[in-house]
Every structure is written in C-alpha cells, then in structure tokens.
Amino acid sequence: MIEIREEHPSDVAGRERLLDACFGPSRSAKTSERLREGRLPARGLALTATRRGRLVGTVRLWHVEAGPARPALLLGPLAVEPAIHGQGLGKVMMHAALGRAEALGHGAVLLVGDAPYYARFGFDPDLAADLWLPGPFERERFLGLELREGALAGAEGLVRPTGIPAPAEAVPVVAAEARRRAA
C-alpha cells in the first residue's frame, strides 16, 4: 500500500535520489529550479508517497509572484519511482497537492511540464501566456491553473520567487553547483 503524506526532514535523501533517477543530474540547471533554490516549499504543500517505508513519489509547491503583486504557486517537481510509472501514482499525487493548495486558499498554480499530461488537471498554456520565467524555458510547456476563478486573469510579467528563504544548512549542495555551472 502507498501512503501519501507531508514530507519529513528524513525524506530529503530519498527525494534527491528519486529526482536524480527521474530527471538526471542536469535537473538542477533548469530555469524553474532558479525559482525554488534557497527557498522552502509552501507550508503543507510538500508531499511524499511511500511504499513499505521507501519513498516512491514526491511533489512540492512553492510561493511565487505571477507578475507584480499576483501570488501564485509553482508546482514541481512531480516525480514517481520509474519502476511504478503508469500505475496512477502521479495522478493521485497531483490531485492531493492541488486539493490541498485549494483548501489552503491558494488561487493559482504554474508549472513547466508536459502539456498533454497536465491538461487532465486543468492546466492551460493560455493562462501563462503573458508571464515569463527568469531564464530559458519552452513556452508551450509553461502552464497555468486557476484554483479560484480569475486568479490569473490579467497576470503578466516576470515570475519571481517569494517563498520563505531556507536556512543555510537546508540548501542542498546541488543548488550551489547549479549556480556555478550557470554562471
């Protein structure tokens, strides 16, 4: 049986291994990572899936600003253990994360991802059409979702991180390496 729960500090090593297995070492060089690095995920919106005590899935949401004075969340990464792809865990985790975000009063979610996959959850590239990210990204993969009607209406401009800075000891070494490579 798989349990979905809030992420614990003891999940960090397993989460990092899972993300490396799913996305490879270049994952830390992505533009969306610039919006996450050095920040804590939004409170209550870092979820893990475990099976028999082993981490098999992760999803996190992060506070951002979708243009001036427009709060939103950035979703990512969503990752599922490759050995159990296609069994519906990603879908269950997405519903859990989005349901929790809505229950906590958040109005909008942005992400960079596979448009056909995320369309089933209501994500639409048109909702992010007038927004841009602080670095290279594929426009057709930049998607938005309104949890509250009109939350992204008129949103335009640069997406910026607004979440709580992580304590220095919590920032992974990979973030520093990504910054070094990007420079």
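The residues of the chain are indexed from 1 along the displayed sequence.
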Query raised in the report: Any Lys/Arg nitrogen of R54 or E81 sitting under 4.0 Å from an Asp/Glu carboxylate oxygen of the other?
Result: yes
**Report entry** Nearest heavy-atom neighbours spanning P134 and V159
**Finding:** CD-O, 3.7 Å
Can you give each donor-acceptor pair under 3.5 Å made by side-chain atoms of residues 135-153, sequence neighbours left out, with the distance rounded to 0.1 Å?
unit_1, atom_1, unit_2, atom_2, d
R139, NH1, A128, O, 2.9
R139, NH1, L131, O, 3.0
R139, NH2, L131, O, 2.7
E146, OE1, G150, N, 3.2
E146, OE2, A151, N, 3.3
E146, OE2, L152, N, 2.9
E146, OE2, A153, N, 3.4
R148, NH1, G105, O, 3.3

Requested in this report: State, yes or no, whether a side-chain contact exists between T58 and L47 at a heavy-atom distance under 4.5 Å.
Outcome: no
Query - Side-chain touch E7/R60, heavy atoms, less than 4.5 angstrom - result: yes
**Report entry** Residue list, salt bridge (charged side-chain N to carboxylate O under 4.0 Å, His left out) with R160, at least two apart or on another chain
**Finding:** E65
Query raised in the report: Do the side chain of R120 and the main chain of Y117 share a donor and acceptor less than 3.5 angstrom apart?
Result: yes
Report task. Check whether L40 and L45 end up in the same hydrophobic cluster, where Ile, Leu, Val, Met, Phe, Trp and Tyr are linked by side-chain heavy atoms less than 4.5 Å apart. Result -> no
Report task. Establish whether W62 and L104 are linked, either directly or via other cluster members, by ILVMFWY side-chain heavy-atom contacts under 4.5 Å. Result -> no
Requested in this report: Please report the shortest heavy-atom distance between I84 and V80, naming the atom on each side.
Outcome: CG1-CG1, 3.7 Å
Query raised in the report: Which heavy atom in L35 sits nearest to a heavy atom in R39, and how many Å separate them?
Result: O-CG, 4.1 Å
Report task. Any chance you could measure S32, atom OG, to L75, atom CG, to the nearest 0.5 Å? Result -> 10.5 Å
Query raised in the report: Are L133 and V112 close enough that some pair of their side-chain heavy atoms sits under 4.5 Å apart?
Result: yes
Requested in this report: Test V56 against T50 for side-chain contact (heavy atoms from CB on, under 4.5 Å), laying out the working first.
Outcome: CA-CA 5 Å; V56 294; T50 60; 5.8 Å; no
Query raised in the report: Going by atom types alone, do T48 and R15 pair a side-chain donor with an acceptor below 3.5 Å?
Result: no
Ignoring hydrogens and angles, write down the donor-acceptor pairs under 3.5 Å from the side chains of residues 87-98, residues two or more places apart or on other chains.
none

Report task. Output yes when R36 and E33 qualify as a salt bridge under the 4.0 Å nitrogen-oxygen rule, no when they do not. Result -> yes
**Report entry** Hydrophobic cluster of L19, others only, ordered by chain and residue number, side-chain cut-off 4.5 Å
**Finding:** F23
Query raised in the report: Which distance, rounded to the nearest 0.5 Å, do you find between the CZ of R17 and the SG of C22?
Result: 13.0 Å
Report summary line: By salt bridge (charged side-chain N to carboxylate O under 4.0 Å, His left out), R100 pairs with (sequence neighbours left out) E6
**Report entry** Main-chain N/O of H8 paired with D11 side-chain donor or acceptor, under 3.5 Å
**Finding:** yes
Requested in this report: Answer yes or no: is there a donor N or O on one side and an acceptor on the other, between the side chain of H63 and the main chain of P161, under 3.5 Å?
Outcome: no
Report task. Indicate, with yes or no, if L127 and F123 share a hydrophobic cluster defined by side-chain heavy-atom contacts under 4.5 Å among Ile, Leu, Val, Met, Phe, Trp and Tyr. Result -> no
Query - Any pair counted as ring pair (Phe, Tyr, Trp, His ring centres under 6.0 Å), so long as it reaches residues 35-56, sequence neighbours left out - result: none
Query raised in the report: Would L74 and Y118 show up in the same hydrophobic cluster when neighbours are defined by side-chain heavy atoms closer than 4.5 Å?
Result: no
Report task. Indicate, with yes or no, if L73 and V64 share a hydrophobic cluster defined by side-chain heavy-atom contacts under 4.5 Å among Ile, Leu, Val, Met, Phe, Trp and Tyr. Result -> no
